[in-house]
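One structure coming up, written as structure tokens, with questions to follow.
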Amino acid sequence: MPKVTIDGHEIEVPKGTTILQAARMIGPEVAPPAMCYYSKLKTSGGYCRTCIVKVTKGSAQNPNPMPKPVASCRTEVMDGMEVANFTSPDLLEARKGVVEFLLINHPLDCPICDQAGECDLQNLGYEHGAAKTRYDFERRTFEKIDIGNKVQLHMTRCILCYRCVKTADQLCSNRVHGVLNRGDVSEISTYIQNAIDNEWSGNVIDVCPVGALTDKTFRFKSRVWFTKPVDAHRDCKTCAGKARIWFKGEEVLRVTGRKDQWGEVQDWICNDCRFEKKKVSDWTIEGPSHIDRHSVIAQNHYELQNLKLDVGRQLNKLAGEAEKNNTNTSTKKATAKK
Amino acid sequence: MGKQLLLDNIHAPGIATLGVYREFGGYKALEKALKMKPEELVDEVKKSGLRGRGGAGFPTGMKWGFLAKPEGVPRHLVCNADESEPGTFKDRYLMERKPHLLIEGMIIGSFALGARTSYIYIRGEMMYVYHILEQAIQDAYDAGLLGENIMGSGYSLDLHVHPGGGAYICGEETALIESLEGKRGNPRIKPPFPAVSGVWNRPTVVNNVETIAAVVPIVNMGGEEYAKIGVGKSTGTKLISACGHINKPGVYEIDLGLPVEEFLYSDNYCGGIRNGNKLKAVVAGGSSVPILPAELFLKTAKGEPRLMSYESLADGGFATGTMLGSGGFIVMDDTASVVKNLWNFTRFYHHESCGQCSPCREGTGWMEKVLYRILDGHGKKEDVDLLWDIQSKIDGKTICPLGDAAAWPVASAIRHFRSEFEEYIKNPGSIKDVKHYYRLHNEKEPAY
Ligand SMILES: Cc1cc2nc3c(=O)[nH]c(=O)nc-3n(C[C@H](O)[C@H](O)[C@H](O)COP(=O)(O)O)c2cc1C
Ligand code: SF4
Ligand code: SF4
Ligand code: SF4
Ligand code: FES
């Protein structure tokens with residue numbers, strides 16, 4: 001079994017393990033952030049570039065360093081490999097660049113975004129980003145699209161991680177959900193803005209790291225940090241029926257998959273469990289969910305000033321638009337401003 | 001003039017037809033090749049020292065040697081005819097004038113690699129060349145040069161031409177493969193490399209048009225003879241498409257190792273700078289390679305005369321050198337604006353980015369906007385440093401080399417022409433007509 005050293009921690013892993021997986025085995029103190037990789041989805045990863053690391057020693061046989069940073073989620077470890085992540089200042093600078101790229105066209109209207117409080121991009125910006133944006137051009141916007149009556153797509157928030165594309169490809173039988181156009185006007189779409197007629201389609205909501213794909217049955221009901229997650233199960237013919245249900249008081253506001261430490265669902269859940277089972281009596285409660293203590297949900301509060309993201313300047317502008325946004329769920333073709 | 005191995009008889013009337021091509025000795029190399037063993041052919045190509053003419057200069061014989069040969073799995077040869085790099089227009093010229101040279105090379109290459117089905121992936125905008133190739137392939141089938149039992153050798157090959165949809169990124173070999181398979185032209189994440197898993201996950205060799213065409217003279221003259229042309233590891237001849245402020249733009253075949261000064265000023269080639277103007281800068285190998293100012297282009301930092309070869313053009317690394325690239329030779333005289341030219345290149349990369357990875361998707365557009373702002377008379381003092389920083393955060397951090405190709409022109413223009421950027425920022429309004437490009441392309445100009 002190959003041995004790899006990441007930020008000074010050595011670990012022996014099965015052949016074929018990626019650097020990211022090895023780093024996660026060591027623990028969060030060395031694991032790079034990953035916005036597009038999803039262990040349950042084949043061929044995921046490689047797109048966002050937030051997980052880049054520096055390979056300072058290629059392997060025991062070929063000790064040369066790799067000339068460029070590599071995507072740790074798509075690079076397999078070699079025996080004797082040495083990797084620098086948080087210990088390499090220039091790597092951290094490069095990652096800061098990636099985070100900045102992800103944010104320059106992002107609306108950062110967290111105050112009115114359903115994902116706020118459980119958003120990987122918020123966390124990423126907070127932990128790895130710069131304090132201020134240097135981007136002073138108009139940001140790209142799209143109109144919201146309904147993908148059927150349960151899922152809404154707001155491309156403006158999408159980081160093109162391709163997770164939803166892979167989910168739809170790998171869970172649904174037809175190729176119904178993909179990417180249109182190219183470059184910075186690429187957009188996620190279904191063919192042609194159809195609802196995905198599949199009992200697994202709701203999982204695209206759970207894999208989405210940002211607030212681009214959201215549950216319409218939950219929209220604007222509450223902020224995530226005012227709800228309490230509980231693990232529960234039910235007898236389901238389609239899926240394993242193992243879910244996380246989110247309470248506000250006595251009311252079940254939404255149902256999602258159970259996410260692990262790395263933000264990935266443990267089991268896919270079907271649309272019936274997700275969208276139709278919103279009564280406490282539908283479920284057998286197991287107990288409070290374990291939520292990563294770093295997340296803003298666990299801290300039970302969400303303070304803007306704590307975010308290093310440059311949201312402040314967006315706020316004034318957005319305050320006026322918030323109202324409009326709430327009602328603007330047009331199904332018209334999304335348009336990109338270039 | 002150097003040897004004309006590819007462009008010989010290019011002006012002979014009817015050379016595009018099978019009959020005339022054969023009168024001038026066409027398909028003699030194929031006849032010879034079919035009597036050799038495939039391994040012997042690969043050896044000849046190795047001996048020739050031929051390097052990929054698509055931009056990266058990877059040794060072709062080695063690439064052919066790497067092709068995986070699992071039992072019972074078909075292999076493919078794919079010709080990359082997507083030529084879309086700004087400044088590069090050599091492959092089109094060759095295919096348009098001598099389609100049978102490429103077809104002959106494809107048959108020889110396919111035979112050497114054991115491929116039974118091969119493809120030419122041609123840029124979507126070149127539909128008329130597509131039709132020329134289709135006709136030539138049909139004629140080759142009719143003459144028994146393609147299809148079953150070619151020239152009675154027992155070897156059979158099918159050859160298809162596939163037009164792209166008009167995307168520069170589909171010239172990147174793995175995006176090309178995706179597109180050929182009927183998918184969105186996104187580059188694949190490597191490894192695996194095409195030599196192991198290419199078209200339909202089968203072992204595949206992707207070569208440039210000129211690379212494949214060069215196999216014909218290599219078979220005719222023998223690899224060793226071919227390797228005598230050129231200098232050092234830059235063997236053979238190379239097509240250069242010369243454009244810009246020169247007296248004689250066009251496609252030239254040079255012996256590698258020709259001094260750049262001779263190429264630029266001799267009447268056999270570019271014929272000097274237009275109107276007797278002074279040379280300002282050269283982009284020597286297509287828009288992606290670093291721009292060099294006249295002094296560094298004509299002589300290396302060590303003061304040696306530069307040669308048209310992979311090594312000499314790269315001498316000094318990116319600090320003072322550049323690359324031979326795909327042979328797109330763009331010359332600028334002292335009336336040209338390096339900043340404006342850079343903005344146009346950057347606009348191109350922004351437009352052509354596939355959008356898969358964040359640094360290239362977002363960074364290319366950002367750089368275009370900053371350059372536009374500078375040219376529009378609203379540049380900020382920090383903008384040059386900002387541009388430098390953005391390109392450095394794209395370079396080497398992307399899935400495919402398009403990100404690097406977008407970063408290098410920016411880095412080199414700032415490295416060698418920083419004062420010109422600063423001049424625009426200090427004296428706003430020296431250029432007024434950038435908006436018109438956006439209007440021309442029906443695009444909205446960046447707002448700031
Ligand atoms: C963005 C991009 C565009 C490219 N376009 C072309 C092209 O139009 N033609 C070409 O031959 N190679 C192109 N290449 C290089 C190919 O990926 C590949 O290296 C080449 O076809 C290999 O052939 P060769 O070894 O014969 O040079 C491109 C590469 C990139 C990254
Ligand atoms: S997706 Fe995340 S970062 Fe973006 S607006 Fe929503 S909460 Fe904020
Ligand atoms: S919609 Fe969400 S999951 Fe899909 S590509 Fe965009 S960010 Fe990723
Ligand atoms: S570098 Fe650019 S063109 Fe290449 S894969 Fe990334 S986004 Fe696409
Ligand atoms: S998580 Fe590895 S590139 Fe996105």
Original post:
For the residue pair B:Phe348 and B:Tyr168, is the inter-centroid distance of their aromatic rings smaller than 6.0 Å?
Top reply: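 Ring-ring flag for B:Phe348/B:Tyr168: true, centres closer than 6.0 Å.
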**OP:** Mind ranking A:Asn105, A:Thr75, A:Val179 by heavy-atom pairs under 4.5 Å with chain B and telling me who comes out on top?
**Re:** A:Val179
Original post:
Which heavy atom of B:Thr174 sits nearest a heavy atom of B:Pro194, and at what distance?
Top reply: CG2-CG, 4.1 Å
Subject >> Most contacts with chain A, counted as non-hydrogen pairs under 4.5 angstrom, among B:Leu386, B:Thr364, B:Ile169 >> reply: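 Greatest number of close heavy-atom pairs with chain A: B:Leu386.
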Original post:
Non-hydrogen atoms of chain A under 4.5 Å away: do they reach the side chain of B:Lys380, the backbone, both or neither?
Top reply: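 Contact with chain A: side chain only.
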Subject >> Part of A:Glu100 lying under 4.5 Å from any heavy atom of chain B >> reply: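 Side chain only.
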Subject >> Geometric class of the B:Tyr121/B:His162 ring pair [parallel <30°, tilted 30-60°, perpendicular >60°] >> reply: parallel
Subject >> Side chain / backbone / both / neither for A:Arg134 at chain B, heavy atoms under 4.5 Å >> reply: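 For A:Arg134, heavy atoms of backbone and side chain both lie under 4.5 Å from chain B.
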Original post:
Do A:Ile52 and A:Leu91 have side chains that get closer than 4.5 Å, going by heavy atoms?
Top reply: yes
Subject >> Top contributor to chain A contacts, counting heavy-atom pairs under 4.5 Å, from B:Ser358, B:Pro191, B:Gly365 >> reply: B:Ser358
**OP:** Under 4.5 Å heavy-atom distance to chain A, tell me which part of B:Asp395 shows up: side chain, backbone, both or neither.
**Re:** neither
Original post:
Does NZ in B:Lys183 sit with more than 12 non-hydrogen atoms of other residues, nucleotides or ligands closer than 6.0 Å?
Top reply: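 Enclosed: over 12 neighbouring heavy atoms sit under 6.0 Å from NZ of B:Lys183.
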Original post:
Given that the side chain runs from C-beta out, which part of B:Glu352 has a heavy atom under 4.5 Å from chain A: side chain, backbone, both or neither?
Top reply: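 For B:Glu352, heavy atoms of backbone and side chain both lie under 4.5 Å from chain A.
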**OP:** Counting only heavy atoms closer than 4.5 Å, note whether B:Ser392 contacts chain A via side chain, backbone, both or neither.
**Re:** neither
**OP:** Among the options A:Cys48, A:Gly183, A:Gly97, pick out the one with the most heavy-atom pairs lying under 4.5 Å from chain B.
**Re:**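 Option with the greatest count: A:Gly183.
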Subject >> Electrostatic pair B:Arg418-B:Glu422, nearest N-O below 4.0 angstrom >> reply: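 Here B:Arg418 pairs with B:Glu422 in a salt bridge, since their nearest N and O are under 4.0 Å apart.
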Subject >> Greatest number of heavy atom pairs closer than 4.5 Å to chain A - which of B:Gly355, B:Pro359, B:Cys357 >> reply: B:Pro359
Subject >> Interchain contact, B:Asp404 with chain A, by part (heavy-atom threshold 4.5 Å) >> reply: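 It is the side chain, since no backbone atom gets that close.
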Subject >> Under 4.5 Å from any heavy atom of chain B - which part of A:Leu160 >> reply: both
